[in-house]
Amino acid sequence: MTRIVFLDRGTIGPSVKLTPPSFSHEWVEHERTHADEVVERLQGAEIAITNKVPIRADHLEKLPDLKMIAVAATGYNILDVAACRAHGVVASNVRSYAQKTVPEHVFALIFALRRNLVGYRQDVIDGVWQKSGQFCFFTHPIKDLSGSRLGLIGGGSLGEATGAIGRALGMEVVYAGRKGGQVSKPGYLPFEEVLATSDVLSLHCPFTPETEGLISFGEFEQMAQRPLLINTARGGLVDEAALVTALDRGLIAGAGFDVLTSEPPADDNPLMKIAERPNVIITPHVAWASEEAMQTLWDQLTGHIENYKRGHPTNVIT
């Protein structure tokens with residue numbers, strides 16, 4: 001009987017119906033798995049399901065029965081892909097399940113920051129309205145989105161979907177070319193021009209050696225419009241210490257981050273030290289996690305497992 005082990009069930013919301021594969025199998029799930037538990041828990045398993053638990057070459061060497069890894073995410077940097085190929089392990093990921101939920105989260109952050117909802121909510125709680133003596137007060141600036149420029153760094157499906165919402169709101173949407181590269185794609189502008197002219201910047205690019213630290217202090221100094229910076233892509237794209245300095249110096253108007261360099265963040269993470277500021281919103285990597293998106297993710301993942309057993313694996317990571 002096929003043994004299937006889910007290493008980190010706790011990364012999928014409890015409301016999601018984990019429909020099992022239709023073929024005969026033994027199902028084992030763990031809320032979370034530490035690195036030193038991977039080999040023990042996958043002993044005898046033909047199929048592993050993981051979201052964020054790394055499976056490396058040294059693990060695979062000790063798991064001769066493992067034939068398929070289903071990644072419950074799009075990013076697969078948790079896997080040693082070359083080792084998977086060397087050991088004949090099929091690895092599949094899920095794709096295009098978050099095309100609604102992530103852009104909606106992006107704009108939740110943008111609206112809250114652009115209209116300073118966090119600051120005004122706290123002022124009301126603190127009694128500022130009651131003390132103001134009039135029907136309204138103006139302790140924080142409020143700006144419309146219509147007529148402003150939305151600069152998108154990353155033009156994949158999530159960047160395109162975010163741009164569509166921006167255009168529907170009357171924003172001018174532009175896409176950034178590669179940092180330091182030539183622009184040859186219609187609708188794209190030089191990276192530096194997008195930094196300098198955007199009122200809102202939103203990141204949608206993958207985390208690679210080339211994009212690590214993509215935004216650091218030098219880039220913040222180019223942001224002439226004092227934009228909002230939104231990151232729902234990957235931690236590590238932005239130098240977090242430089243971001244704090246940029247906020248302190250007024251180089252940007254605010255920051256909305258759903259991803260951090262380390263997750264959960266360490267106590268000394270620079271952004272956690274400023275998390276209570278009204279122009280900073282940090283959410284715990286949940287932009288992808290609407291109930292609808294998580295169910296779509298799971299249904300797709302189950303389909304990949306079924307297709308593997310039929311001999312026709314899908315979404316194979318190359």
Side-chain angles (χ1 to χ4, degrees), residues 5-16 18 29-38 40-41 48-56 59 69-80 93-94 97-98 101-102 104-106 108-109 112-113 118 122 158 202-209 211-216 228-247 254-291 293-294 297-298 301:
V5 178
F6 192 173
L7 292 173
D8 49 354
R9 170 64 179 88
T11 62
I12 303 295
S15 63
V16 176
L18 299 189
E29 64 181 50
H30 304 279
E31 279 295 294
R32 57 186 58 84
T33 297
H34 297 292
D36 58 1
E37 298 174 317
V38 169
E40 177 187 354
R41 291 185 170 180
I49 302 172
T50 179
N51 188 328
K52 293 295 181 285
V53 179
I55 301 177
R56 304 301 188 192
H59 298 142
I69 300 173
V71 181
T74 300
Y76 51 85
N77 57 313
I78 58 166
L79 297 185
D80 187 325
N93 66 344
V94 290
Y97 68 91
T101 184
V102 169
E104 287 185 14
H105 195 92
V106 168
L109 294 172
L113 291 166
V118 175
Q122 190 60 49
L158 296 179
S202 186
L203 303 180
H204 298 279
C205 50
F207 180 74
T208 67
T211 60
E212 183 175 6
L214 182 72
I215 305 292
S216 192
L228 298 176
L229 180 63
I230 309 296
N231 187 9
T232 57
R234 286 290 183 269
L237 295 175
V238 179
D239 181 327
E240 293 167 344
L243 172 60
V244 174
T245 301
L247 285 164
F257 274 53
D258 186 56
V259 289
L260 299 180
T261 301
S262 60
E263 298 172 346
D267 293 338
D268 61 352
N269 183 288
L271 293 189
M272 296 309 298
K273 297 178 180 179
I274 62 168
E276 293 185 358
R277 294 186 186 183
N279 63 341
V280 175
I281 301 176
I282 300 172
T283 52
H285 204 141
V286 291
W288 67 280
S290 70
E291 292 188 2
M294 287 191 291
L297 176 154
W298 184 259
L301 182 141

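Treat the numbers as computed from the prediction; the structure is a model and nothing was measured. We number each residue from 1, following the sequence as shown.
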> Any side-chain heavy atom of H204 sitting closer than 4.5 Å to one from T232?
Replying inline: yes
>> Does I49 form a side-chain contact (heavy atoms from CB on, under 4.5 Å) with W298? I'd like the steps, not just the answer.
In response: CA-CA 11 Å; I49 302 172; W298 184 259; 3.9 Å; yes
> T283 side chain to V286 main-chain N or O, any donor-acceptor pair under 3.5 Å?
Replying inline: no
> Rounded to the nearest 0.5 Å, how far does CZ of R9 lie from CG of N51?
Replying inline: 11.0 Å
> If every non-hydrogen atom of D239 is compared with every non-hydrogen atom of S216, which pair is closest and at what distance?
Replying inline: OD2-OG, 3.3 Å
> Given E240, which of N231, T261, T245 fulfils the side-chain hydrogen bond (donor to acceptor under 3.5 Å, both in side chains) condition?
Replying inline: T261
> Looking at A266 and S262, what are the two nearest heavy atoms and their distance?
Replying inline: N-OG, 3.8 Å
> How far does CZ of R234 sit from CG of D258, to the nearest 0.5 angstrom?
Replying inline: 10.5 Å
> So how far is it from L113 CG to L229 CG, rounded to the nearest 0.5 Å?
Replying inline: 10.0 Å
> Who passes side-chain hydrogen bond (donor to acceptor under 3.5 Å, both in side chains) against W288, sequence neighbours left out?
Replying inline: none
> Could you give the distance from CG (D8) to NZ (K52), rounded to the nearest 0.5 Å?
Replying inline: 8.0 Å
>> Any heavy-atom pair between the side chains of L243 and P270 that's under 4.5 Å?
In response: no
>> Could you check whether any side-chain N or O of T211 sits under 3.5 Å from a backbone N or O of L214, counting only pairs where one atom can act as donor and the other as acceptor?
In response: no
>> If you apply the rule side-chain contact (heavy atoms from CB on, under 4.5 Å), what do you find for F6 with I12, and how did you get there?
In response: CA-CA 11 Å; F6 192 173; I12 303 295; 3.9 Å; yes
> Just wondering, are more than 12 heavy atoms of other shown residues or ligands nearer than 6.0 Å to CD in E291?
Replying inline: no
> V244 and L271: side-chain contact (heavy atoms from CB on, under 4.5 Å), yes or no, with the steps?
Replying inline: CA-CA 7 Å; V244 174; L271 293 189; 3.9 Å; yes
> Under the side-chain hydrogen bond (donor to acceptor under 3.5 Å, both in side chains) test, which residues partner D80, sequence neighbours left out?
Replying inline: none
>> Going by side chain to side chain donor-acceptor pair (under 3.5 Å), name the pairs with one or both residues in residues 70-79, residues two or more places apart or in two chains.
In response: none
>> Could you report the tightest heavy-atom contact between A293 and T101, atom names first, then the distance?
In response: CB-CG2, 3.5 Å
> Would you say R56 has more than 12 foreign heavy atoms packed within less than 6.0 Å of its CZ?
Replying inline: yes
> Are any non-hydrogen side-chain atoms of I55 and I78 less than 4.5 angstrom apart?
Replying inline: no
> Looking at CG of L203 and CG of L158, how far apart are the two atoms once the value is rounded to the nearest 0.5 Å?
Replying inline: 12.5 Å
> Can you check whether L7's main-chain N or O pairs, donor with acceptor, with T33's side chain at less than 3.5 Å?
Replying inline: yes
> Quick one: which of N269, I282, V280, N279 gives a side-chain contact (heavy atoms from CB on, under 4.5 Å) with I274?
Replying inline: V280
>> Ignoring hydrogens, what is the shortest heavy-atom contact between S202 and V106? Give both atom names and the distance.
In response: OG-CG1, 3.6 Å
> Looking only at heavy atoms, which two atoms of E37 and R32 are closest? And how far apart?
Replying inline: OE1-O, 4.4 Å
> When rounded to the nearest 0.5 angstrom, what distance separates NE2 in H30 from OG1 in T50?
Replying inline: 11.5 Å
>> Tell me the closest heavy-atom pair linking A112 and I281, and the distance in Å.
In response: CB-CD1, 3.6 Å
